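Take a look at the structure set out below.
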Amino acid sequence: MADAIVSFQDVALGYDGRPVLEGLTLDVGPGDFIALLGLNGCGKSTILKGMAGIIQPLRGRIRSVLNGRPVRFGYVPQRETIDMVFPLTVLEVALMGTYGRVRPGRPITHADRELVRACLADVGLTDLQRKPFPALSGGQRQRVLIARALAAEPDLLLLDEPLSGIDLRAAQVIMELIARLHQDRGLTTVMVSHHLKALREREAVKDVVWVHEGQLLRGPAATMLAPDMVFRMMDAEIG
Amino acid sequence: MDTLLEILNPNFLLRNALYGGLIIGIVAPLVGIYLLARRMVFLGVALPQVSTAGIAAAFIWHAFFHGHPDRDVNDFMIALVGSSLLTFGVIVVLALLERRKRGILEGRVAMLYAVAGAATILLVASDRITEIGILGLLKGEIIAIPDTELLILLLGYGTILVLLTVFHKELVLVTVDREMAISLGKRVGVWDLLLFGVIGVTISLGVLVVGPLVMFGFLIVPPMIAGRLAIGMRNVSVMAAVLGAAVALVGFAVAYRLDWPTGPTDVALAGVVLAVVVAAQAMRTFVFRTAVK
């Protein structure tokens, strides 16, 4: 894909020098909404981290350029990876999204604070700005992390299991939010998830990439989320 | 009250000891916040002990080659060099081992504490004069601090305070969510280096004045109290610094009045405050649950 904003070229990804995935080739185009699916431990989060530059490829090349400049990532990690000994407020967590733009040693500007407040309003959490982040419900925390990612004014939104560990209603709210952000802002989105039902219900999800036995299988959502495909990819048995 | 007024008098004989305690009481908790946030509390125990071993080694080395120095700036500088070299050396080694994921951090730190403590005792046991000086340090007797040493402490800790304030958001980001920091293009290695450098200077300089026990007390206890009372990282930081200063001031007054060693009095007072806060919060929770039923 000539205009891909992120392009994997025969990439190997892994930890401590040991590859988890090899020979990866994947392009993410502007405006794409890709769901990344697969069994537990197949490497979905690893691919997401490779995209965000959190881990470097062991082999191959990951190209992430948009209009001649590096792609800005809005990374939403799994909630459990954030370890808070001290209770940061919702606003403090969301403000972190601006730190990539603000030079070291410089204070956060009024404009950045207003941007963050707007992002919190987008996710419906204006009233909880001063609440401690650890005191929120799972769904609320997820929305704060999405607001934080939006505060980075990203070109690409990367979400790692945003629907895990929360109830059905909260999952629907978050999925609606992500779909709305994609449609209203044209925000390119890559999302790791196990919630097949939530993905099927959203027309916004255009492509699905299955991570299966170290290979990436990409196709339209309608095809890749069909029951027979799901059973094959999840190594499930019928009957 | 009379005691407080006496010690706050600019002509108070031991004013430098009070000022030194206040400087450490304000800045050390701000550094300790990061030790707690990174779950490296045991490092706050072990590094002061390592620093003390460095001081003892420096004195022994100097006495072996040059005889026993008089109590002057050279004495302080020798101790500072020994303290800094060993503290920073250990930090670098621990960081490298952690990066390569070798062994268990808690095990390494525990071993460090034990070995550093044993080394200190063995070193001072080999020289009577050094032993007397080091024992006072270990007991935390903050009595007399020369003007020059106080100035060095003020400059060092003042620099630390500026660094922690100016780079607050970067240090919090790499501490709370390292992966987010990388995704935003932050050089987490550089910020880790800065933070470890700040920790090293704080401990190596502070141990010279108040000893390892008091250093650990100021690093950890005020932030633990503040973490229970304040919401928001900035509020926790301010409260930890205020609590540290208050403990240093009141602890000094109590120790002066009762002729107790200052350092242990400070730490005991901080412990009492923590216990009161924990008890009050437990009582509040109990009353609330009882009322709900």
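We name chains A, B, ... by the order of the sequence lines, and we start the count at 1 in each one. Please read these numbers as outputs of a predicted model, since none were measured by experiment.
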Please state whether the side chain, the backbone, both or neither of B:Ile33 comes within less than 4.5 Å of a heavy atom of chain A.
both
When rounded to the nearest 0.5 angstrom, what distance separates CG in B:Leu184 from CZ in A:Phe73?
11.0 Å
Leading residue by heavy atom contact count with chain B [cutoff under 4.5 Å; candidates A:Ile54, A:Leu88, A:Leu158]:
A:Ile54
Counting only heavy atoms from other residues, nucleotides and ligands, does the tally under 6.0 Å from CE of B:Met224 exceed 12?
no
Identify the heavy atoms of B:Leu36 and A:Val85 that sit nearest to each other, and give their distance.
O-CG2, 3.5 Å
Heavy-atom neighbours of B:Phe42 CZ exceed 12 at 6.0 Å:
no
Would you check if the side chain of B:Glu179 reaches a backbone N or O of A:Pro77 as a donor-acceptor pair within less than 3.5 Å?
no
Measure distances from B:Ala230 to the heavy atoms of chain A and classify the residue's part below 4.5 Å as side chain, backbone, both or neither.
backbone
Proximity of residues 94-121 of chain A to chain B, residues having a non-hydrogen atom under 4.5 angstrom
A:Met96, A:Gly97, A:Tyr99, A:Gly100, A:Val102, A:Arg103, A:Pro104, A:Gly105, A:Arg106, A:Ile108
Should we say atom OH of B:Tyr34 is surrounded by more than 12 heavy atoms from elsewhere, each under 6.0 Å from it?
yes
For B:Lys186, is it the side chain, the backbone, both or neither that has a heavy atom under 4.5 Å from a heavy atom of chain A?
side chain
Any idea which of A:Leu91, A:Val76, A:Thr89, A:Val93 has the most non-hydrogen atom pairs under 4.5 angstrom with chain B?
A:Thr89
Quick check on the interface: out of B:Met233, B:Lys169, B:Glu170, who has the most heavy-atom pairs with chain A under 4.5 Å?
B:Lys169
With a 4.5 angstrom heavy-atom cut-off, could you sort out which part of B:Arg234 is near chain A: side chain, backbone, both or neither?
both
Does A:Arg130, at its CZ atom, have more than 12 non-hydrogen atoms belonging to other residues, nucleotides or ligands within less than 6.0 Å?
no
Shortest non-hydrogen contact from A:Gly53 toward B:Ile182:
O-CG2, 3.4 Å
Most heavy-atom pairs under 4.5 Å with chain A, out of B:Val166, B:Ile231, B:Val236, belong to B:Ile231
Got a sec: does the CZ of A:Arg18 have more than 12 other heavy atoms crowding it under 6.0 Å?
no
Checking heavy atoms, do the side chain of A:Phe86, its backbone, both or neither come under 4.5 Å from chain B?
side chain
Neighbour count above 12 (heavy atom, 6.0 Å) for A:Asp127 CG
no
